[in-house]
Amino acid sequence: NAKQRIKYVIKKTQQAMPQIEPQITMNAFQNILDISIDYPCEDLKAANTSVPTDLVANIDLSVSMNDPSSRKNREGGQWSILSLVKHALIANIKGLNETCRLAIVSFSTNSRMKFPPCLMTEENKKKAIAAVNLLCIEGNTNLFSGIKKSYEVLEEFHLTNNPTIMTFTDGISNNDPPSGLLPSIR
């Protein structure tokens with residue numbers, strides 16, 4: 001259940017850095033629940049530590065992700081939403097250290113693991129970036145399938161170090177379960 005998972009994540013994070021008090025916020029908007037566990041930057045720097053994190057990047061590859069974003073590229077043309085997502089994900093990958101594991105899941109009509117979880121050594125960062133660069137538009141937006149697959153990856157590979165799912169989507173889900181997205185996630 002969602003409450004148990006949240007409590008588990010908070011407990012594991014506090015075990016990793018007991019000397020720092022996190023700020024926890026929860027917001028609900030339409031069918032999305034956003035939970036943030038933030039640590040003040042000054043406290044992290046003073047502790048001279050980083051939190052080992054198991055990250056699943058959940059990427060929307062639906063046709064609508066090919067729409068132009070509001071950002072211009074270097075040549076003056078429009079970036080697609082997927083291009084911006086790739087750029088952001090690559091920046092995230094470069095910022096991970098060797099205590100972090102990353103997996104990449106994509107979703108469109110169906111979901112699939114595009115990159116299996118592994119520690120982010122310099123070599124594995126290159127492989128992960130190559131996997132991101134291969135992502136391309138596929139079909140509908142089955143957001144539920146992507147979230148479900150991301151949770152399955154966390155469980156199947158025993159990803160328990162501050163388990164985090166980052167979902168990159170334009171938010172236009174058009175292939176939800178009959179009971180709705182949020183009730184199905186719960």
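All figures in this text were calculated on a predicted structure; none of them were measured in a lab.
Scanning both residues, Ser145 and Ser111, for their nearest heavy atoms gives OG-OG, 2.7 Å. Nearest heavy atom pair, residue Val85 against residue Met65, reads CG2-CE, 3.7 Å. Here the closest heavy-atom approach between residue Val105 and residue Gly146 is recorded as CG1-O, 4.1 Å. The two residues Ser69 and Leu84 have their closest heavy-atom pair at OG-CD1, 3.2 Å. Closest of all the heavy-atom pairs between Met113 and Pro117 is SD-CD, 3.8 Å. Closest heavy-atom contact between Ser150 and Ile165: CB-CD1, 3.6 Å.
Within the model, atoms CG of Leu96 and OG1 of Thr53 stand 8.0 Å from one another, a figure rounded to the nearest 0.5 Å. Rounding to the nearest 0.5 Å gives a distance of 6.5 Å between CZ of Arg101 and OG1 of Thr160. Note: Ile93 CD1 to Leu55 CG = 8.5 Å, rounded to the nearest 0.5 Å. To the nearest 0.5 Å, atom CG of residue Leu143 and atom OG of residue Ser108 are 12.0 Å apart. Taken from CZ in Phe107 to CD1 in Ile59, the straight-line distance is 8.0 Å, to the nearest 0.5 Å. Once rounded to the nearest 0.5 Å, the distance linking CE of Met166 with CG of Leu89 reads 7.5 Å.
Taking hydrophobic clusters as Ile, Leu, Val, Met, Phe, Trp and Tyr residues chained together by side-chain heavy-atom distances below 4.5 Å, Leu159 does not share a cluster with Leu102. By the criterion of side-chain heavy atoms lying less than 4.5 angstrom apart, applied directly or through intervening Ile, Leu, Val, Met, Phe, Trp or Tyr residues, Phe157 is grouped together with Leu154 in one hydrophobic cluster.
Annotation: side-chain hydrogen bond (donor to acceptor under 3.5 Å, both in side chains) contacts of Ser83 (sequence neighbours excluded): Ser80. For Lys114, the side-chain contact (heavy atoms from CB on, under 4.5 Å) partners are Leu61, Ile104, Ser106, Arg112, Leu135, Glu138, not counting sequence neighbours. Among residues two or more places apart in sequence or in another chain, the side-chain contact (heavy atoms from CB on, under 4.5 Å) test is passed with Cys118 by Phe115, Met120, Asn124. Residues satisfying the salt bridge (charged side-chain N to carboxylate O under 4.0 Å, His left out) criterion with Glu122, sequence neighbours excluded, are Lys125. Scored by the side-chain hydrogen bond (donor to acceptor under 3.5 Å, both in side chains) test, Asp170 finds Ser64 as partners (sequence neighbours excluded). Taking the salt bridge (charged side-chain N to carboxylate O under 4.0 Å, His left out) definition, one finds that Asp60 meets it with nothing, sequence neighbours left out. Residues satisfying the side-chain hydrogen bond (donor to acceptor under 3.5 Å, both in side chains) test with Thr167, not counting sequence neighbours, are Asn58. Taking Leu134 as the reference, nothing meets the side-chain contact (heavy atoms from CB on, under 4.5 Å) condition, with sequence neighbours excluded.
Leu119 belongs to no hydrophobic cluster, as no Ile, Leu, Val, Met, Phe, Trp or Tyr side chain comes under 4.5 Å of its own.
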Next item on the list: I would like to know whether Thr164 and Asp54 meet side-chain contact (heavy atoms from CB on, under 4.5 Å); could you show each step before the answer?
Entry: CA-CA 6 Å; Thr164 303; Asp54 291 333; over 6 Å; no
Note to self: Would Ile90 and Val132 count as a side-chain contact (heavy atoms from CB on, under 4.5 Å) here? Give the steps.
What the structure shows: CA-CA 7 Å; Ile90 289 169; Val132 169; 3.9 Å; yes
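Under the 3.5 Å distance criterion, the side-chain polar atoms of Asn97 are matched with a main-chain donor or acceptor of Thr99.
Residues in residues 140-149 take part in these salt bridge (Lys or Arg N to Asp or Glu O under 4.0 Å) pairs, two or more places apart or across chains: Lys148-Glu152. Sorted pairs that involve residues 78-97 and meet salt bridge (Lys or Arg N to Asp or Glu O under 4.0 Å), not counting sequence neighbours, are lacking altogether.
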